[in-house]
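Computation of the quantities below employed the complete heavy-atom set of this structure, encompassing side-chain atoms and omitting hydrogens, waters and symmetry-equivalent molecules. Residues take their numbers from the sequence shown, with the count starting at 1.
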Amino acid sequence: MKLLARLGLIAGILVSAFTFSASAQQPDPDNQLTVTTDKGSFVIQLRPDLAPHHVEQIKKLAAEGFYNGVVFHRVIDGFMAQTGDPTGTGTGGSQLPDLQAEFSNETFDRGTVGMARAQDPNSANSQFFIMLADGDFLDGQYTVVGDVVSGMEIVDQIKKGDEAQNGSVADPDKMLSVTVGNAS
């Protein structure tokens, strides 16, 4: 009887742990960004369970209209598409303070959204990137803030940059609007 009780307790703990982990992946309209481009829209499910401060900053910037009209300034085919710099150069950010890294054990798979930063791990501000392919070499080095949950085919259509210029894009595509909440 004691053995069955212990096995039941262990099973209950495992189920609770699985449920907690799985619940982090459930749709949450309060933590979704809808990004509209001239090619269509895609939705990013933000992950406050992984990076609460980064998600809060992205949502604040989106609600203020900061991202509207911002270009995808660096896009490397088979790697990622980067945006979030109002100057379009990769060196700009918002007036909000830079954020402390919130690294996690999440992997950078196709569709993962991460925060761009300078060499200092605590320098993320407004720029983010969307993985176009798996990139486990980034794991544990950049903050994961979400995942594209619909419209990845739109992300794939974003104009690619020049590989010789580190993905710099001439006449880049832009985010026409970025709204908090699922608009679909």
**Request:** Start with the C-alpha gap between S41 and T36, add the side-chain angles, then the distance that decides, and say whether side chain to side chain donor-acceptor pair (under 3.5 Å) holds.
**Result:** CA-CA 4 Å; S41 297; T36 302; 3.0 Å; yes

**Request:** Go through the steps to decide whether N68 and L176 satisfy the test side-chain contact (heavy atoms from CB on, under 4.5 Å), and finish with yes or no.
**Result:** CA-CA 5 Å; N68 297 347; L176 300 175; over 6 Å; no

Within a strict 4.5 Å, meaning less than it, do heavy atoms of the [X] and [Y] side chains meet?
X    : Y    : answer
D147 : I44  : no
V75  : L132 : yes
L33  : V180 : yes
P121 : F103 : yes

Distance-minimising heavy-atom pair for [X] and [Y]:
X   : Y    : result
G93 : P86  : O-CG, 3.7 Å
P52 : E102 : CD-OE2, 3.1 Å
A81 : I158 : CB-CD1, 4.4 Å

[X] side-chain N/O to [Y] backbone N/O, donor-acceptor pair under 3.5 Å:
X    : Y    : value
T112 : I130 : no
D28  : D30  : yes
Q45  : N31  : yes
T83  : V71  : yes

**Asked** Mind checking who shares a hydrophobic cluster with M131, ILVMFWY linked at side-chain heavy-atom distances under 4.5 Å?
**Response** L50, I76, F79, M80, F108, F129, F137, L138, Y142, V144

Contacts of type side chain to side chain donor-acceptor pair (under 3.5 Å), residue [X], not counting sequence neighbours:
X    : answer
D77  : none
T37  : none
N166 : R74
T89  : D85, T87, T91

**Complete:** Residues passing the side-chain contact (heavy atoms from CB on, under 4.5 Å) test with D120, sequence neighbours excluded, are N122, S123

**Message:** Suppose we screen for side-chain contact (heavy atoms from CB on, under 4.5 Å). Which residues come up paired with A124, at least two apart in sequence or across chains?
**Reply:** H54, M115, R117

**Asked** Can you list every pair that meets side chain to side chain donor-acceptor pair (under 3.5 Å) and has a residue in residues 125-135, with sequence neighbours left out?
**Response** H73-Q127, Q82-Q127, S94-N125, D98-N125

**Prompt:** Which pairs, with at least one residue in residues 152-165 and sequence neighbours excluded, count as a side chain to side chain donor-acceptor pair (under 3.5 Å)?
**Reply:** R110-D156

**Under the salt bridge (Lys or Arg N to Asp or Glu O under 4.0 Å) test, residues paired with D173 that sit two or more places apart** = K39

**Contacts of K60 that satisfy salt bridge (Lys or Arg N to Asp or Glu O under 4.0 Å) - sequence neighbours left out** = none

**Prompt:** How long is the span from the CD atom in E56 to the CG atom in L99, to the nearest 0.5 Å?
**Reply:** 9.0 Å

**Message:** Let me confirm one number: the OG1-CD distance from T143 to E106, rounded to the nearest 0.5 Å.
**Reply:** 12.0 Å

**Item:** Inter- and intrachain pairs under ring pair (Phe, Tyr, Trp, His ring centres under 6.0 Å), touching residues 26-49, at least two apart
**Value:** none

